[in-house]
Undergrad: 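Here it is, the structure in full.
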Amino acid sequence: MTGTGDEKHYGDGPDQGQDPERKSVPEKRKGPVLLRRDQVGTSTTDQRLLDTTGPTDWLHTDPWRVWRITSEFVEGFGALAELPPAISVFGSARTPVDSPEYAAGVAIGRALVDAGYAVITGGGPGAMEAANRGASEAGGLSVGLGIELPFEQGLNEFVDLGLNFRYFFVRKTMFVKYAQGFVVLPGGLGTLDELFEALTLVQTKKVTRFPVILFGSAYWGGLVDWIRDTLVAQGKAGPQDLELFHVVDDIDDVLKIIAESRQPATEI
């Protein structure tokens, strides 16, 4: 078989000759793809490539999007491959600049840099800007991984190395692959999405020795109560899953948990 497709009629072979009820069915193969009946086209791949007058709808089909997705992975891997040890910091884009949560984000970004880490955020405003600002003002590497949204936000001014992604799942891969842990400031649905993605990856051991730290017990307390009193109580999660994350109010505790997670495992 060739890449241009091999066309035949299903039912023409000798094995089907004994069955008078089986009719001849058009069949065509395009690489690993099998087409039959109305799915069999009249053109070839080479013809469509060389035909400059054809439609451009193919630019918006799923097979073509695979290349765009691949290019995002390649660009991300290339840009981030030489990052120093880094921590991803999440939080609400709606956090006011004059709020205690913003001040905490700045302090956390600064403390992480002082401890030898680069800081990765979603690159937007609010808590993300705060962490980037703290990292930048401390002279560290401030990374922003933006996302294409209907309401454009753009990367905040404190990002030193920035990438914009079309696809959430590519962006999520970069957050996890190039970080040694997550610090999660108070946030909304996007923050919760990243939080539970990380917890799932740790729970299923897709990533190991990966601390997830929730900063602000007053904000996260209700969620933790629900996980313990509903999820675990009803058997939807195990008691050990409460150990997948830490809730803290002190930046020194953030640094301590991260440092302990990076210690070599000892045999008992």
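Only a predicted model underlies this, so the values are computations on that prediction, with no experimental measurement involved. Note: hydrogens, waters and symmetry copies are ignored here, and every other heavy atom, side chains too, is used.
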Undergrad: Identify the heavy atoms of Ala107 and Ile251 that sit nearest to each other, and give their distance.
TA: CB-CD1, 3.4 Å
Undergrad: Ile120 versus Phe175: any side-chain heavy-atom pair under 4.5 Å?
TA: yes
Undergrad: Charged N to carboxylate O below 4.0 Å: is that the case for Glu137 and Arg110?
TA: yes
Undergrad: Ignoring hydrogens and geometry beyond distance, is a side-chain donor-acceptor pair present between Glu148 and Asn164 at under 3.5 Å?
TA: no
Undergrad: Working to the nearest 0.5 Å, report the span between CD of Glu197 and NZ of Lys206.
TA: 11.5 Å
Undergrad: Over all heavy atoms of both residues, which pair between Ala233 and Asp229 is shortest? Give the atoms and the distance, please.
TA: CB-O, 3.1 Å
Undergrad: Do Ser142 and Asp160 have side-chain N/O donor and acceptor atoms under 3.5 Å apart?
TA: no
Undergrad: Taking Asn156 for the side chain and Gly123 for the main chain, is one N or O donor matched with an acceptor at less than 3.5 Å?
TA: yes
Undergrad: Are Val247 and Leu199 in one and the same hydrophobic cluster, where Ile, Leu, Val, Met, Phe, Trp and Tyr link if side-chain heavy atoms are under 4.5 Å apart?
TA: yes
Undergrad: Compare every heavy atom of Met128 with every heavy atom of Ala93, then report the nearest pair and how far apart it is.
TA: CB-CE, 3.7 Å
Undergrad: Test side chain to side chain contact (heavy atoms under 4.5 Å, CB included) on Lys172 and Asp193; report intermediate values, then the result.
TA: CA-CA 10 Å; Lys172 286 182 177 181; Asp193 178 46; 2.9 Å; yes
Undergrad: Please give me the minimum heavy-atom distance between Gly181 and Ile87, naming the atom from each residue.
TA: O-CG2, 3.5 Å
Undergrad: May I ask you to test the Ile108-Leu185 pair for a side-chain heavy-atom distance under 4.5 Å?
TA: yes
Undergrad: Within 45° of the axis and under 6.0 Å from the centre of the six-membered ring of Phe77, does NZ or CZ of Lys177 qualify?
TA: yes
Undergrad: Rounded to the nearest 0.5 Å, what's the gap from CG on Leu214 to CG on Leu195? Could you check?
TA: 5.5 Å
Undergrad: Measure the shortest side-chain to side-chain distance between Gln203 and Asp241 over non-hydrogen atoms and say whether it is less than 4.5 angstrom.
TA: yes
Undergrad: Decide yes or no on side chain to side chain contact (heavy atoms under 4.5 Å, CB included) for Val119 and Leu141, but give the supporting numbers first.
TA: CA-CA 6 Å; Val119 171; Leu141 181 55; over 6 Å; no
Undergrad: More than 12 foreign heavy atoms under 6.0 Å from CD of Gln180: is that the case here?
TA: yes
Undergrad: Run the ring-centre check on Phe165 versus Tyr167 and record whether the distance is less than 6.0 Å.
TA: no
Undergrad: Report yes if the side chains of Ser88 and Glu194 come closer than 4.5 Å at any heavy-atom pair, otherwise no.
TA: no
Undergrad: Examine distances only and state if a side-chain atom of Thr208 and a backbone atom of Lys205 form a donor-acceptor pair shorter than 3.5 Å.
TA: no
Undergrad: Less than 4.5 Å apart, side chain to side chain, heavy atoms only: is that true for Ile227 and Leu242?
TA: yes
Undergrad: Just do the side chain to side chain contact (heavy atoms under 4.5 Å, CB included) check on Val224 and Phe245 with the steps written out, would you?
TA: CA-CA 10 Å; Val224 174; Phe245 56 88; 3.8 Å; yes
Undergrad: Is there a chain of hydrophobic side chains (I, L, V, M, F, W, Y, each step under 4.5 Å between heavy atoms) that links Leu192 to Val89?
TA: no
Undergrad: Report yes or no: do Glu129 and Tyr102 form a side-chain donor-acceptor pair below 3.5 Å?
TA: yes
Undergrad: If you measure from the Lys or Arg side-chain nitrogens to the Asp or Glu carboxylate oxygens, is any gap between Asp253 and Lys256 under 4.0 Å?
TA: no
Undergrad: What heavy-atom pair brings Thr95 and Ala127 nearest, and what distance separates the two atoms?
TA: CB-N, 3.6 Å
Undergrad: CG of Leu201 to CG of Leu244: how many Å apart, nearest 0.5 Å?
TA: 11.0 Å
Undergrad: Are the side chains of Leu161 and Leu80 in contact, using a 4.5 Å heavy-atom criterion?
TA: yes
Undergrad: Less than 4.5 Å apart, any side-chain heavy atom of Leu163 and any of Glu72?
TA: no
Undergrad: Consider only side-chain heavy atoms of I, L, V, M, F, W and Y, link residues closer than 4.5 Å, and tell whether Phe196 and Val183 are in one cluster.
TA: no
Undergrad: Under 3.5 Å, is there a donor-acceptor pair between the side chain of Asp249 and the main chain of Ser217?
TA: yes
Undergrad: With distance as the sole test, does Thr70 use its side chain to make a donor-acceptor pair with the main-chain N or O of Val66 at under 3.5 Å?
TA: yes
Undergrad: Does Val143 form a side chain to side chain contact (heavy atoms under 4.5 Å, CB included) with Leu145? I'd like the steps, not just the answer.
TA: CA-CA 7 Å; Val143 181; Leu145 307 181; 4.0 Å; yes
Undergrad: Taking the inter-plane angle between the rings of Phe90 and Phe182 on a 0 to 90° scale, is it parallel (under 30°), tilted (30 to 60°) or perpendicular (over 60°)?
TA: perpendicular
Undergrad: Any donor and acceptor pair, going by atom type alone, linking the side chain of Ser136 with main-chain N or O of Arg133 inside 3.5 Å?
TA: no
Undergrad: Would you check if the side chain of Thr173 reaches a backbone N or O of Phe169 as a donor-acceptor pair within less than 3.5 Å?
TA: yes
Undergrad: Give, for atom OH of Tyr219 and atom OG of Ser92, the distance between the pair rounded to the nearest 0.5 Å.
TA: 7.0 Å
Undergrad: From Leu223 CG over to Arg228 CZ, what is the distance, rounded to the nearest 0.5 angstrom?
TA: 11.0 Å
Undergrad: Is there a side-chain contact between Asp250 and Val248, using heavy atoms and a 4.5 Å cut-off?
TA: no
Undergrad: If I take atom OG1 from residue Thr121 and atom CG from residue Leu155, how far apart are they, to the nearest 0.5 angstrom?
TA: 8.5 Å
Undergrad: Consider only side-chain heavy atoms of I, L, V, M, F, W and Y, link residues closer than 4.5 Å, and tell whether Tyr117 and Val184 are in one cluster.
TA: no
Undergrad: Counting only heavy atoms not in Gln240, do more than 12 fall under 6.0 Å of its CD?
TA: yes
Undergrad: Indicate, with yes or no, if Ile258 and Val176 share a hydrophobic cluster defined by side-chain heavy-atom contacts under 4.5 Å among Ile, Leu, Val, Met, Phe, Trp and Tyr.
TA: no
